[in-house]
Amino acid sequence: MSTQVVIVGGGIIGLCSAYYCAKAGLKVTVLDRNSEERDGCSFGNAGMIVPSHFVPLAAPGMVALGLKWMWNPESPFYIRPRLDADLIAWAYRFWKASTPRRVEKAAPLLRDLSLASRAAFETLANLPQIDFGLVRQGLLMLCKSQHTLDEEAVAAEKARRLGIPATVLDAKQTSALDPNVQMLIAGAVHFPLDCHLNPNRFMACLKQELDRLGCRFLWKTEVTGWKTSDRKIHAAVTSLGEITADEFVLCGGSWSPSTAADLGLNLPIQAGKGYSLTLTAPRQLPRICAIFTEARVAVTPMGSSLRFGGTMELSGLTEEIDPRRVQGIIKSIPRYYPEFEPDDFTGIQPWRGLRPCSPDGLPYIGRTRSQANLTIASAHAMMGLTLGPVTGQMIAACLTGEKTGWEFELLSPDRHS
Ligand SMILES: Cc1cc2nc3c(=O)[nH]c(=O)nc-3n(C[C@H](O)[C@H](O)[C@H](O)COP(=O)(O)OP(=O)(O)OC[C@H]3O[C@@H](n4cnc5c(N)ncnc54)[C@H](O)[C@@H]3O)c2cc1C
C-alpha cells in the first residue's frame with residue numbers, strides 16, 4: 001500500500017509538494033480552509049522567478065531602511081507598531097540575522113535553490129498537456145538615480161561572482177532591450193536568467209496535473225488541531241472531522257505557526273502583506289518584467305495585461321486593504337513609466353496577499369524533531385513562486401527517503417526551537 005500523505009495548504013507550496021509527492025507514487029490529499037476559488041498569496045503575486053534574488057530579506061541595512069520607511073504611510077515597508085510578543089521576538093531574530101556573515105552563508109544556498117527551481121519550471125513548461133506561458137527574457141532592475149544604479153552595479157558584480165549573469169545598462173541600452181515602454185531612468189541591471197509567468201495560470205495548471213495524477217482535494221476544510229501520541233500525528237482534526245494519514249506536510253503559509261501551535265514546534269513567521277493591481281488594457285506593455293528599484297515595485301507583463309505589485313506591511317494576519325499603501329504603488333509608476341497616469345487605476349480592485357516571512361529570510365523546509373511524521377514547507381516570503389518546484393521536490397525526497405545533495409540544516413524548521 002502506498003504511503004498516505006495529507007498536505008495542509010493549497011497555495012503554491014502545497015500544490016508543488018503535492019505534485020512531486022504524487023509523481024513519486026505517494027497517495028496525496030490536499031486540504032485548504034478556503035474554497036477552490038481562493039485568491040491568496042499564490043495567485044495575485046508578481047509572477048517572477050528570480051535567481052537574481054540571492055540576498056535574503058534579513059540583510060545588513062534592512063533594519064535601518066525599515067525604521068526610516070515605517071513613518072511614511074506610502075513607503076514600501078511598514079510595521080504596524082503593536083505590543084505583540086511574537087512580533088517583538090521575530091524582530092529581534094531578524095536584527096540578529098541581518099549580518100554580512102549570515103548573508104554570505106545564505107546567498108549560495110538561495111542561488112542553488114532558485115536555479116534548481118528554474119530548471120524544474122523549464123521541465124514543467126515542456127509538458128505537452130499544460131501551458132502556463134513561461135517567459136524567459138530576464139528581469140530589469142530599473143534605477144531612477146545614478147546613485148542607485150551605482151549601488152545596483154555593485155550588487156550585479158556580486159551576482160556575477162556567484163555565477164549569476166548580470167549586465168549593467170544605461171538608459172539608452174535599457175530602452176533598446178525593451179522598446180515597448182517609455183522609461184524615465186538612469187539605467188538598469190539586466191538579469192537574463194530570471195523569468196516570469198502568470199501565477200493564476202500556473203496554479204490552474206498544477207491543479208489540472210494533480211487531478212490527472214489522482215490527488216484528492218478537500219476544500220473549506222480547516223485544520224483546527226491534531227491527534228498525536230508518542231511524537232507521532234495520527235490525524236489532523238478538521239472542520240470536516242478527523243483525517244488520518246501516514247505523513248503530514250504543513251504548507252500553511254502565514255497561518256503555519258497557529259496551525260502548528262499544539263505540536264511543540266516554534267515556527268516564527270510574520271505575515272508580510274503586499275498588494276497588486278492589474279491593468280487589462282495598459283497604455284504600454286513592456287516585454288520584460290522589471291522592478292522599480294527605489295520604489296520596490298514589481299511590474300510584470302501577463303499576456304496582454306500588466307501587473308504592478310509591491311509593499312511589505314507587517315500588520316498581523318489581517319487581509320484588510322490599506323488604501324494609502326496602494327496609493328504608494330500607484331504614485332511610483334509615472335516616475336518610471338511616464339506614459340502611465342494615476343487615473344489609469346481608477347476602478348481597479350487592488351489584490352492583497354500575505355507573504356509568510358521567517359526572521360532570517362530563509363524558508364522552513366524539512367522534517368522536524370517535534371513529530372516523527374511531520375514535514376514543514378513554509379515561510380518562503382518574497383520567493384514562494386520562485387522556490388515552489390524545488391521545495392516540492394525536497395518535500396517528496398524527505399517523504400520517500402530519496403537522497404539529495406541539499407543541505408537542509410540552514411532550512412531546518414527546528415532552528416529557532
Ligand atoms: C505582492 C506580492 C508579490 C509577490 N511576487 C512574487 C514573485 O514575483 N516571485 C516569487 O517568487 N514570490 C512572490 N511573492 C511571494 C509568494 O507569493 C509567496 O511566497 C507564496 O505565494 C507563498 O505560498 P504558500 O503556499 O506558502 O502560502 P499561501 O499561498 O498563503 O497558501 C497557504 C494556504 O494554506 C491554507 N491554510 C493555512 N492554514 C490552514 C489550516 N489550518 N487549515 C487548512 N488550510 C490552511 C491557506 O488557506 C492558504 O490557501 C509575492 C507576494 C506578494 C504578496
Side-chain angles (χ1 to χ4, degrees), residues 6-18 30-53 57 76 113-114 117-118 121 139 194-199 202-203 206 218-226 236-240 243 249-261 269 271-278 289 291 296-300 302 307-313 317 319 325-326 329 350-358 363-365 376-392:
V6 160
I7 293 184
V8 180
I12 186 159
I13 301 300
L15 294 200
C16 285
S17 300
V30 175
L31 315 179
D32 202 288
R33 64 194 177 102
N34 284 323
S35 71
E36 189 169 355
E37 291 70 40
R38 65 217 182 284
D39 69 343
C41 202
S42 299
F43 292 85
N45 63 61
M48 296 174 176
I49 298 159
V50 279
S52 60
H53 284 39
L57 191 60
L113 288 171
S114 48
S117 219
R118 186 191 187 281
F121 274 111
L139 169 140
D194 289 7
C195 309
H196 70 264
L197 51 75
N198 180 327
F202 183 66
M203 291 295 284
L206 274 178
L218 297 174
W219 303 113
K220 296 188 180 172
T221 307
E222 178 165 13
V223 174
T224 53
W226 305 87
V237 179
T238 78
S239 44
L240 269 195
I243 297 174
V249 185
L250 178 57
C251 308
S254 295
W255 297 268
S256 297
S258 49
T259 306
I269 291 180
K273 197 191 298 174
Y275 301 104
S276 73
L277 297 135
T278 306
C289 65
I291 292 178
R296 303 287 207 272
V297 166
V299 192
T300 313
M302 295 183 183
R307 180 169 292 170
F308 296 88
T311 86
M312 173 70 95
E313 178 187 329
L317 286 172
E319 293 184 283
R325 311 204 65 74
V326 176
I329 298 176
W351 167 92
R352 48 76 205 107
L354 300 184
R355 305 175 185 90
C357 304
S358 70
Y364 302 115
I365 304 175
I376 310 290
S378 211
H380 291 69
M382 308 161 73
M383 301 279 287
L385 172 73
T386 304
L387 300 181
V390 74
T391 301

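In this chain, numbering begins with 1 at the start of the sequence shown. Order of appearance sets the numbers: ligands from 1, and atoms from 1 within every ligand.
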Nearest-option assignment for atom 51 (C) of ligand 1, heavy atoms, candidates Arg355, Met312, Lys220: Arg355
message: If we ignore hydrogens and angles and just use 3.5 Å, is the side chain of Thr221 paired with the main-chain N or O of Trp219 as donor and acceptor?
response: yes
message: Students should be able to answer this: which protein heavy-atom is nearest to atom 4 (C) of ligand 1, and at what distance?
response: Asn45 CB, 3.2 Å
query: Taking side chain as C-beta onward, heavy atoms only, is Val249 less than 4.5 Å from Val6?
result: no
task: Identify, by atom number and element, the atoms of ligand 1 in contact range of Glu222, meaning under 4.0 Å from any of its heavy atoms.
output: 42 (N), 43 (C)
field: is_close_aromatic(Phe202, Phe121), centroid dist under 6.0 Å
entry: yes
- request: Could you tell me whether Gly14 and ligand 1 have an N or O pair separated by under 3.5 Å?
  value: no
- request: Give a yes/no on ligand 1: does Thr221 have at least one heavy atom closer than 4.0 angstrom to it?
  value: yes
query: Atom CD1 of Ile12 and atom CG of Leu387: how far apart are they, to the nearest 0.5 Å?
result: 9.5 Å
message: Checking a contact table here: which protein heavy atom is nearest atom 44 (N) of ligand 1, and how many Å away?
response: Arg33 N, 3.0 Å
- request: Can you sort out which atoms of ligand 1 are near Tyr275, meaning under 4.0 Å from one of its heavy atoms?
  value: 1 (C)
field: Any Cys41 side-chain heavy atom under 4.5 Å of Leu354 side chain
entry: no
task: Measure Cys251 to ligand 1 on non-hydrogen atoms and call it side chain, backbone, both or neither using the 4.0 Å cut-off.
output: backbone
query: Counting N and O atoms only, with roles assigned by atom type, does the side chain of Arg118 sit under 3.5 Å from a partner on the main chain of Val50, one being a donor and the other an acceptor?
result: no
- prompt: Quick one: does Ser276 get a heavy atom under 4.0 Å from ligand 1?
  reply: no
message: Looking only at protein heavy atoms, which one is nearest to atom 5 (N) of ligand 1, and what is the separation?
response: Ala46 N, 3.1 Å
query: Considering His53, His196, Met382, which one's heavy-atom position lies nearest to atom 13 (C) of ligand 1?
result: Met382
task: Output yes when a side-chain donor or acceptor of Thr386 lies under 3.5 Å from a complementary backbone atom of Met48, and no otherwise.
output: yes
- prompt: With backbone taken as N, CA, C and O and side chain as the heavy atoms from C-beta onward, which portion of Thr259 lies under 4.0 Å from ligand 1: side chain, backbone, both, or neither?
  reply: side chain
- line: for atom 8 (O) of ligand 1, nearest protein heavy atom and its distance come out as Met48 N, 2.9 Å
field: Close-contact set for ligand 1 against Asn34 heavy atoms, below 4.0 Å
entry: 47 (O)
- request: Would you mind running through ligand 1 and noting each atom that sits below 4.0 Å from a heavy atom of Gly253?
  value: 26 (O), 27 (O), 32 (C)
field: Distance, nearest 0.5 Å, that separates OG1 of Thr311 from OH of Tyr275
entry: 5.5 Å
- line: Atoms of ligand 1 under 4.0 Å from any heavy atom of Gly47, numbered from 1 in the order shown, are 7 (C), 8 (O)
field: Shortest non-hydrogen contact from Trp351 toward Asn45
entry: CH2-N, 3.7 Å
message: As an exercise, identify every atom of ligand 1 less than 4.0 angstrom from a heavy atom of Ala381.
response: 15 (C), 16 (C), 18 (C), 19 (O)
field: Protein contact to atom 37 (C) of ligand 1 [nearest heavy atom, distance to 0.1 Å]
entry: Gly252 O, 3.3 Å
statement: Taking only non-hydrogen atoms of Trp255 and a 4.0 Å limit, the atoms of ligand 1 in range are 30 (O), 37 (C), 38 (N)
message: Any nitrogen or oxygen of Gly274 lying under 3.5 Å from a nitrogen or oxygen in ligand 1? Just yes or no.
response: no
Closest to atom 28 (P) of ligand 1 (judged by heavy-atom distance), picking from Ser17, Gly40, Ser42: Ser42
message: When you compare ligand 1 with Gly9, is there at least one nitrogen or oxygen pair between them that comes in under 3.5 angstrom?
response: no
query: Is there side-chain contact between Leu385 and Leu197, with heavy atoms separated by less than 4.5 Å?
result: yes
- prompt: Looking only at protein heavy atoms, which one is nearest to atom 25 (O) of ligand 1, and how far off is it?
  reply: Ile13 N, 3.1 Å
- request: Considering non-hydrogen atoms only, spot the tightest contact between Pro199 and Gly47 and give its length.
  value: CD-CA, 3.9 Å
query: Is the shortest heavy-atom distance from the side chain of Leu250 to the side chain of Ser256 under 4.5 Å?
result: yes
task: State, with a plain yes or no, whether a side-chain heavy atom of Phe308 is found less than 4.5 Å away from one of Thr300.
output: no
message: Taking the side chain as everything from C-beta on, heavy atoms only, tell me whether Ile291 gets closer than 4.5 Å to His53.
response: yes
- prompt: Mind checking whether Ile49 has an N or O less than 3.5 Å away from an N or O of ligand 1?
  reply: no
- request: Begin with the C-alpha distance, continue with both residues' side-chain angles, and end with the deciding distance and a verdict on salt bridge (Lys or Arg N to Asp or Glu O under 4.0 Å) for Lys273 and Glu313.
  value: CA-CA 5 Å; Lys273 197 191 298 174; Glu313 178 187 329; 3.6 Å; yes
- request: Can you pull out the closest protein heavy atom to atom 31 (O) of ligand 1? Residue, atom name and distance to 0.1 Å, please.
  value: Gly11 CA, 3.4 Å
field: For atom 33 (C) of ligand 1, the protein heavy atom that lies nearest, with its residue and separation
entry: Asp32 OD2, 3.5 Å
query: Quick one: which of Val223, Ile329, Leu277, Leu385 has a heavy atom closest to atom 42 (N) of ligand 1?
result: Val223
query: Looking only at heavy atoms, what is the nearest atom pair of Ser114 and Met383, with distance?
result: CB-CE, 4.5 Å
